[in-house]
Amino acid sequence: MNKDTIFSAPIEKIGDFTFDEAVADVFPDMIQRSVPGYSNIITAIGMLAQRFVQPNSYVYDLGCSRGAATLSARRNIKQPNVKLIAVDNSPAMVERCQRHIDAYHGESAVEVVCDDIRNIKIENASMVILNFTLQFLPPADRTLLLQNIYHGLNHGGVLVLSEKFRFDDPSINELQIDLHHEFKRANGYSELEVSQKRTALENVMRTDSIPQHTVRLREVGFAHVELWFQCFNFGSMIAIKQ
Ligand SMILES: C[S@@+](CC[C@H](N)C(=O)[O-])C[C@H]1O[C@@H](n2cnc3c(N)ncnc32)[C@H](O)[C@@H]1O
């Protein structure tokens, strides 16, 4: 696994964070050392796939990066005639995702698509995965995407939504940010790496609070919405269509 050193040297003018070749190359190491609970969430996506995926249906992994969630779901699908559709708009990620998928055998077919998730028609879906992707969409586009997902899901289908959260209480927010930075330092990131990456993400990642997510998911129609995992300011929610 290539080590993430992208923000290790001082950068004179820090630009906006993008999922380019350099990031795609080190992405497994980056996400593992930056997102508390990432491996647990990937494992649980497999468990949820086993439980929720219906025969003759589609599974969408929106913002699939190198395909970790797609592969976890595929490994655990026991139903016949299921196709997984993994979508990302970063060509560097999609190329690596395709190679990653091809390296493993699985019963269910996988199609890797290079496109914006806002262009994808969701249909006959029993599971949709948004694993740390919604936070990168402009806030004004989030409701429409969730509406499309809701309409494309079958009855009994599930959305897994993992995100970085913000908290309305300023003391709690500061504490969670601080604990997250401590987690990153414990994983070998320097103070400079933590602060330069924070600056790079400032304009491209706008976080919502857990109540904001809950209200929006209910408003688009989901009958059952719950946070199933949280570690510091990162977590994952499930939303089930009745
Ligand atoms: C934090 S990564 C997701 C990690 C991945 N889901 C996993 O479980 O390993 C966010 C991904 O979303 C993709 N992305 C961001 N905005 C997108 C959009 N509008 N359409 C498609 N992909 C997008 C990025 O290219 C990036 O690969």
Side-chain angles (χ1 to χ4, degrees), residues 1-2 4 6-7 16-49 59-76 84-101 104 110-122 127-146 148-149 159-165 180 184 197-198 200-208 228-229 231 233-238:
M1 185 151 66
N2 295 339
D4 170 24
I6 290 174
F7 295 99
D16 283 348
F17 186 86
T18 55
F19 292 95
D20 57 13
E21 289 283 339
V23 168
D25 251 347
V26 300
F27 191 70
D29 178 65
M30 173 186 277
I31 198 152
Q32 189 67 43
R33 290 200 288 139
S34 306
V35 174
Y38 176 75
S39 303
N40 295 337
I41 293 171
I42 292 293
T43 302
I45 284 171
M47 295 165 71
L48 291 165
V59 173
Y60 293 83
D61 182 8
L62 304 178
C64 59
S65 296
R66 292 176 45 148
T70 302
L71 278 173
S72 178
R74 185 174 69 166
R75 265 196 300 276
N76 289 282
L84 298 100
I85 300 165
V87 185
D88 206 290
N89 65 353
S90 155
M93 287 294 192
V94 165
E95 192 219 314
R96 286 160 183 80
C97 182
Q98 186 68 62
R99 267 194 269 145
H100 199 187
I101 303 287
Y104 293 91
V110 180
E111 185 184 350
V112 183
V113 178
C114 189
D115 203 346
D116 193 298
I117 56 175
R118 288 165 290 188
N119 299 332
I120 302 296
K121 183 168 166 48
I122 311 288
M127 181 174 195
V128 178
I129 303 161
L130 274 170
N131 206 35
F132 302 105
T133 304
L134 191 69
Q135 60 202 15
F136 291 105
L137 275 198
D141 294 352
R142 294 178 188 179
T143 300
L144 184 59
L145 178 76
L146 293 172
N148 290 342
I149 290 171
L159 165 66
V160 182
L161 172 64
S162 311
E163 289 275 286
K164 184 177 186 182
F165 301 125
H180 174 228
K184 290 187 75 170
K197 182 155 183 213
R198 192 180 185 184
L201 280 170
E202 228 152 53
N203 295 324
V204 289
M205 192 168 89
R206 312 255 169 74
T207 50
D208 294 324
W228 68 268
F229 177 86
C231 184
N233 44 353
F234 288 79
S236 188
M237 305 179 77
I238 46 168

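In this chain, numbering begins with 1 at the start of the sequence shown. This structure is a prediction, so every number in the text was calculated from the model and none was measured. Indexing begins at 1, ligand by ligand and atom by atom, following the structure's order. Just the heavy atoms: all of them, side chains too, but no hydrogens, waters or symmetry mates, feed the values below.
Screening Leu145, Leu130, Leu144, Leu146 for a side-chain contact (heavy atoms from CB on, under 4.5 Å) involving Leu137 leaves a single residue, Leu145. When each of Ser90, Pro91, Cys97 is tested with Met93 by the rule side-chain contact (heavy atoms from CB on, under 4.5 Å), just one qualifies, namely Ser90.
Listed by atom number, the atoms of ligand 1 under 4.0 Å from Ser65 heavy atoms are 2 (S), 3 (C), 4 (C), 5 (C), 11 (C), 26 (C), 27 (O). The distance from ligand 1 to the heavy atoms of Thr133 drops below 4.0 Å at these ligand atoms: 12 (O). Ligand-side atoms of ligand 1 in range of Arg118: 19 (N), range being under 4.0 angstrom from any heavy atom. Of all atoms in ligand 1, listed by their number and element, those nearer than 4.0 Å to a heavy atom of Leu137 are 19 (N). Atom numbering of ligand 1 starts at 1 in the shown order; those under 4.0 Å from a heavy atom of Ser90 are 25 (O).
The closest approach between a heavy atom of Asp115 and any atom of ligand 1 is below 4.0 Å. Within the structure, the closest approach of Val87 to ligand 1 does not fall below 4.0 Å when heavy atoms are considered.
Backbone and side-chain nitrogen or oxygen atoms of Gly63 are examined, and one is located within less than 3.5 angstrom of a nitrogen or oxygen of ligand 1. Ligand 1 has no nitrogen or oxygen under 3.5 angstrom from a nitrogen or oxygen of Ala68. Backbone and side-chain nitrogen or oxygen atoms of Asn89 are examined, and one is located within less than 3.5 angstrom of a nitrogen or oxygen of ligand 1.
Residue contacts with ligand 1, taken as heavy atom pairs separated by less than 4.0 Å, do not involve Arg66 at all.
Side-chain contact annotation: Glu163 with Thr207, donor-acceptor N/O pair under 3.5 Å absent.
Remark: among candidates Phe132, Phe17, Tyr38, Phe27, the nearest residue to atom 9 (O) of ligand 1 is Tyr38, based on non-hydrogen atoms. For atom 26 (C) of ligand 1, the nearest non-hydrogen atom from the set Val23, Asp88, Val35, Thr18 comes from Asp88.
Not a single donor-acceptor pair under 3.5 Å links the side chain of Asn119 to the backbone N or O of Asp115.
Using a cutoff of 4.0 Å between basic side-chain nitrogens and carboxylate oxygens, Arg66 and Asp88 are not scored as salt-bridged.
Considering all non-hydrogen atoms of both residues, Gln135 and Lys164 come closest at OE1-N, 2.8 Å. Contact record, Tyr104 with Arg74: O-NH2, 2.9 Å, taken as the closest heavy-atom pair.
Ring orientation note: the planes of Phe27 and Phe19 are nearly perpendicular, at an angle over 60° on the 30°/60° scale.
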